[in-house]
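Note sheet for the following structure.
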Amino acid sequence: MKHSVITKTFCIALLPICTLPNFPAHGQDAKFVPNYDEARVPEYELPDPLSGVETKNDWGSRRAELYERMATQMFGTMPSPEAAKLRIESTSPGKLILDGKCVLRQLKIKIAGQSVDVALFLPVSASEKPVPIFLGYNFNGNHTVFDDSSITLPQSWMRKTADHKAHEKDRGSSSGRWAIEKIVDANFGLATLYYGDVDPDFDDGFRNGVHSQLGVPSDSEAASIGTWAWALSRVVDALETIDEVDTQRVAVIGHSRLGKTSLWAGASDERFALVISNNSGCGGAALSRRQVGETVWKINDSFPHWFCGNFKQYGRNEGAMPFDSHTLLALIAPRPVYVASAHEDRWADPKGEFLSCVHADPVYKFLGTSGLPSKKMPAPNTPLHGTIGYHIREGKHDVTDYDWQQYIQFATKHLVQ
Ligand code: GTR
């Protein structure tokens, strides 16, 4: 089955060169000027995930081939599960919070020598029947997700604070991004952990975090996003020992760079029953070939430690990528996937995020699911909930209560009803 997807808004050859996005050459310091003009989106053709696939049986080997390509060329191949030498060091007794309707528990685990704290927020009903959970990294430490003095302060490198340490005063400071009460009221749990516990988010030549034990990755091995994703699977390994959690029903969620991470975690580990990427942009849900907002060159230049070494070759050479972000979504099929954009988040290319869903849809349909309900980009705040979910909400790059309402509804439809 061959379908070539060509978006042709203009013939690039006819344009005078001065109207093209101003991309500096490799190694130059010239200011990067992002393109936001649809008329200047280059002509592109997407690789067809279903190429050579005739039957559902064929999809297994095709999927393995696509996964291998995305692993070796973009996110890096993951270490084995055993390389984590996973240990559960301690499990705290439950503490009742939110007027007694939620139990807060904390696990301290070791992943490749790193001490990782997982905060678990569970509805009280979980003691009778295991509950489905959302699992996702936070940016600023578990203590910022909910204001409670018992939540362990991270000891690892903090990205946002001036002294790179965690502080008491920041307790609850990110709580607006975590709708814990809504989650628990819907009879879901939340497991969250600080991503810097696994691998601090700066380019240090892979000396710290899990790489200090795993070793410096080769050009085809997992860099930071790859090991963040891998560690999410190790957290599922640990959660398998917790009776209150139903690990058959884990929805992996992430925002922005952590949305790129949740997509790769979902593609890599089929135990994730549902996958959510919030404003994940370039290297996440947005089609790289569009080169709108952040580009492959720009992301590799700003964050050389995120993707594997081989991904650098696709900067300003997106057409050579043997995949694009629709492939990443297709690797999750037939499991439900949700892509969310924000209207003012132009850097992440909302339209490119939607188009990935459109071009992953044939794989979802081929595998017998409902796929994406519409190929027309919806207006802000009018969500589409098929097996592929999508919304663009008003506002900026963020995670809001509106986003969580959609995720809870989508997860309830797919994991509960
Ligand atoms: C930006 C980066 C994006 C996105 C974002 C975030 O600086 O360019 O790719 O990941 O950070 O994670 O907040």
Side-chain angles (χ1 to χ4, degrees), residues 21 23-24 31-36 70 74-76 136-141 144-145 157-161 173-174 176-178 192-203 209 222-229 231-232 252-266 275-308 311-312 314-316 318 321 324-325 328-329 339-354 356 392-393 395-400 403:
F23 296 144
K31 197 170 173 311
F32 171 78
V33 180
N35 176 44
Y36 294 118
M70 285 205 97
M74 185 170 176
F75 294 100
Y137 281 118
N138 59 70
F139 276 91
N140 299 314
T144 67
V145 164
W157 186 88
M158 308 302 295
R159 190 167 66 94
K160 288 269 178 75
T161 58
S173 57
S174 310
R177 283 190 170 181
W178 298 91
T192 185
L193 62 156
Y194 171 52
Y195 78 135
D197 275 358
V198 173
D199 193 23
D201 190 2
F202 65 96
D203 179 22
S224 290
I225 292 182
T227 48
W228 291 329
L232 286 172
V252 63
I253 179 166
H255 169 60
S256 206
R257 66 199 68 187
L258 300 176
K260 311 179 207 301
T261 304
S262 63
L263 289 172
W264 185 237
V275 182
I276 301 165
S277 98
N278 191 87
N279 307 176
S280 60
C282 179
L287 288 178
S288 295
R289 280 170 171 79
R290 281 172 46 81
Q291 301 173 51
V292 170
E294 188 170 32
T295 64
V296 172
W297 177 83
K298 182 60 184 162
I299 203 167
N300 279 324
D301 188 60
S302 309
F303 308 101
H305 58 296
W306 281 3
F307 298 94
C308 76
F311 194 50
K312 312 283 186 287
Y314 300 109
R316 289 196 209 91
E318 287 83 352
M321 290 165 65
D324 210 313
S325 294
L328 183 54
L329 303 188
V339 172
S341 308
H343 195 241
E344 291 167 32
D345 188 17
R346 298 197 308 159
W347 184 241
D349 186 17
K351 185 170 176 187
E353 293 178 324
F354 178 68
S356 269
I392 175 165
R393 68 160 161 74
K396 58 185 176 57
H397 188 72
D398 200 357
V399 196
T400 68
D403 297 316

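Order of appearance sets the numbers: ligands from 1, and atoms from 1 within every ligand. The basis for the numbers below is simple: all heavy atoms, side chains too, and nothing from hydrogens, waters or symmetry mates.
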Practice prompt. For atom 1 (C) of ligand 1, find the nearest protein heavy atom and state the residue, atom name and distance (0.1 Å precision).
Written response: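 The protein heavy atom lying closest is Arg257 NH2, 3.9 Å.
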Worksheet item: Which heavy atom in Cys282 sits nearest to a heavy atom in Val296, and how many Å separate them?
Response: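 Heavy atoms only, the tightest pair is SG-N, 3.9 Å.
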Worksheet item: If every non-hydrogen atom of Ser280 is compared with every non-hydrogen atom of Glu353, which pair is closest and at what distance?
Response: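 Distance-wise, the nearest heavy atoms are N-OE2, 3.2 Å.
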Worksheet item: Does Tyr194 reach the side chain of Asn140, with side-chain heavy atoms less than 4.5 Å apart?
Response: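 The answer is no, as the side chains (C-beta and beyond) never meet within the 4.5 Å cut-off.
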Which atoms of ligand 1 sit under 4.0 Å from any heavy atom of [X]?
X      : value
Ile299 : 9 (O)
Phe303 : 2 (C), 7 (O), 8 (O)
Lys260 : 3 (C), 4 (C), 9 (O), 10 (O)
Ser256 : 4 (C), 5 (C), 6 (C), 10 (O), 12 (O), 13 (O)

Relative to ligand 1, is [X] under 4.0 angstrom through side chain, backbone, both or neither, heavy atoms considered?
X      : result
Leu258 : neither
His255 : neither
Glu294 : side chain

Worksheet item: Any N or O on Trp306 sitting closer than 3.5 Å to an N or O of ligand 1?
Response: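 The answer is no, given that Trp306 and ligand 1 share no N or O pair closer than 3.5 Å.
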Practice prompt. Kindly write out the residues that satisfy salt bridge (Lys or Arg N to Asp or Glu O under 4.0 Å) with Asp197, not counting sequence neighbours, or none if the list is empty.
Written response: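 Testing Asp197 for salt bridge (Lys or Arg N to Asp or Glu O under 4.0 Å), a comparison that skips the adjacent residues, returns none.
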Practice prompt. Could you tell me if any non-hydrogen atom of His397 lies under 4.0 Å from any atom of ligand 1?
Written response: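 Under 4.0 Å: yes for His397.
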Item to complete: Please state whether the rings of Trp228 and Tyr195 are parallel, tilted or perpendicular, taking 30° and 60° as the class boundaries.
Response: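 If you compare the ring of Trp228 with that of Tyr195, the planes turn out tilted.
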Discussion item. Treating Ser174 as the side-chain partner and Arg177 as the backbone partner, does any N or O pair qualify as donor plus acceptor under 3.5 Å?
Written reply: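 Judged by distance alone, no pair lies under 3.5 Å.
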Practice prompt. Quick one: list whatever passes ring-ring contact (aromatic ring centres under 6.0 Å, His included) with Trp157, sequence neighbours left out.
Written response: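 Per chain and number, Trp157 pairs via ring-ring contact (aromatic ring centres under 6.0 Å, His included) with His164, Phe202.
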